[in-house]
A.B. asks: 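Please see the structure below; I have some questions.
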Amino acid sequence: MSVNDKIVADFVKNKVEFITTVPCKQLAGVIEKIENCKDIHHVPSNKEDEGMGLCAGAFMGGKRSAIIMQNTAIGVTINTLATLIQFYRMPLPMLISYRGELGEPVACQVEMAVHTKALLAQLNIPTYHFHHQNDVDEFDGILNHAFMSSKPVAILTDASFWKGQSS
Amino acid sequence: MIRSEVLKSIIPVISDHLTICNIGLPSQEMHMLDDQPSNFYMLGTMGLSSSIGLGLALAQKEKVISIDGDGSVLTNFGTLPTIANNVADNYILFVVDNGSYGSTGDQPTYAGQKTSLAAVASACGCENVVECQAEDAANALSTALDSNKMTIIICKCESGNITVPVILMDPVVIRDRFMKVVQARNS
């Protein structure tokens, strides 16, 4: 099973029925599979804080939700994470492309990469870093952990992880 | 009419419906005038009333009204194309457009100057956009609820505030009692 298929299958297994996305080149494959998955309602959003609002609403409507975005979005969403997702105690798996790591061709991406883990740590958000392809084996357990604990959870997926995928 | 008077006038129409109340004074006024478990009070995150409401409307079948403000829509403009392209006929976005950032001291917004939120919503692809005066707000909402069509209402009113207490309810309590109403009505 490809990494993208495994991620989508784990979302479905964990009853995630509503996913919002802001695209990143590394995430193009998984976003396409989510768009084509009949068990998931996919709503593309224009900005990540907007997407978190959609997720909060869908969650209160009884659907488990998740967001897919780039790590630059951590800079955009700190207020929303603190005053909506955490303050109202909502679960929110965040599948994040970790741009600016080894293999990154765009220097500017490194500027947010160096802040990403520090910001997530400052927010006390459980954070997992997928570097090798088989790190995806933990995705099922991480989703379960997010809903068990009713917390936002960050899964950082770097270029080495995506390079190891078969489709 | 100022916002608190507009809200008072629409309470008979929306009281029983799932309502997302915008951050700051709109939430505080709704809480003071007509506290209901079917009201979700935003205590933070300016701009996301419309997004929370749309997500809720897409996820379940009950009607949802987002009470928003012109300043808040301006801060989350990306919401309008998302609403237009993800039609939920159980969703109404009600924008109190008083041309000012009411909760922060009535600083003027661009919506009170050259920018028409109704024109922007239409340009974004929203199909049922209604601009009304404050006196017609309750009628516009009744019509929208009866139409079973997703509707954006831009309600023009005067700026100005009354004194209202802050909401002391715990956010998890607000969320929990709201979700229990949502669940009961969808079961």
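Order of the sequence lines sets the chain letters (A, B, ...), proteins ahead of strands, with each chain counted from 1.
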A.B. asks: With under 30° as parallel and over 60° as perpendicular, where do the rings of A/Tyr98 and A/His129 fit, or are they tilted in between?
C.D. replies: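 A/Tyr98 and A/His129: perpendicular rings.
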
A.B. asks: Among B/Gly53, B/Ser51, B/Ala57, which has the most heavy-atom pairs under 4.5 Å with chain A?
C.D. replies: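 Maximum pair count with chain A is reached by B/Ser51.
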
A.B. asks: What's the shortest heavy-atom distance between B/Ser15 and B/Asp34, and which atoms?
C.D. replies: OG-OD2, 2.7 Å

A.B. asks: Check A/Phe11 against A/Ile68 and note the closest heavy-atom contact, atom names and distance.
C.D. replies: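 Result for this residue pair: CE1-CD1, 4.2 Å.
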
A.B. asks: Can you see which heavy atom on B/Leu141 is nearest to which on B/Ile14, and at what distance?
C.D. replies: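 Distance-wise, the nearest heavy atoms are CD1-CG2, 3.9 Å.
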
A.B. asks: Might you confirm whether atom CD of A/Gln122 has over 12 heavy atoms from other residues, nucleotides or ligands at distances under 6.0 Å?
C.D. replies: no

A.B. asks: What residues of residues 43-51 of chain A sit under 4.5 Å from chain B when you count only heavy atoms?
C.D. replies: A/Val43, A/Pro44, A/Ser45, A/Asn46, A/Asp49, A/Glu50

A.B. asks: Identify which part of A/Phe18 has an atom lying under 4.5 Å from any heavy atom of chain B, answering side chain, backbone, both or neither.
C.D. replies: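 For A/Phe18, the contact with chain B is made by the side chain alone.
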
A.B. asks: At a heavy-atom distance under 4.5 Å, which candidate from B/Gln60, B/Arg175, B/Glu62 has the highest pair count against chain A?
C.D. replies: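 That would be B/Arg175.
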
A.B. asks: Identify whether the distance between the nearest side-chain nitrogen and carboxylate oxygen of A/Glu104 and A/Arg99 falls below 4.0 Å.
C.D. replies: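 Salt bridge between A/Glu104 and A/Arg99, a charged N being under 4.0 Å from a carboxylate O: yes.
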
A.B. asks: What part of B/Phe40 lies closer than 4.5 angstrom to a heavy atom of chain A: side chain, backbone, both or neither?
C.D. replies: side chain

A.B. asks: If you count heavy-atom pairs under 4.5 Å between each of B/Pro171, B/Gly44, B/Gly47 and chain A, which one has the most?
C.D. replies: B/Pro171

A.B. asks: So do the side chains of B/Tyr41 and B/Ile23 get within less than 4.5 Å of each other, counting heavy atoms only?
C.D. replies: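 Contact flag for B/Tyr41/B/Ile23 side chains = no.
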
A.B. asks: Between B/Arg185 and B/Asp16, does any side-chain N to carboxylate O distance fall below 4.0 Å?
C.D. replies: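 Looking at B/Asp16 together with B/Arg185, the answer is yes, because their closest N to O distance falls below 4.0 Å.
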
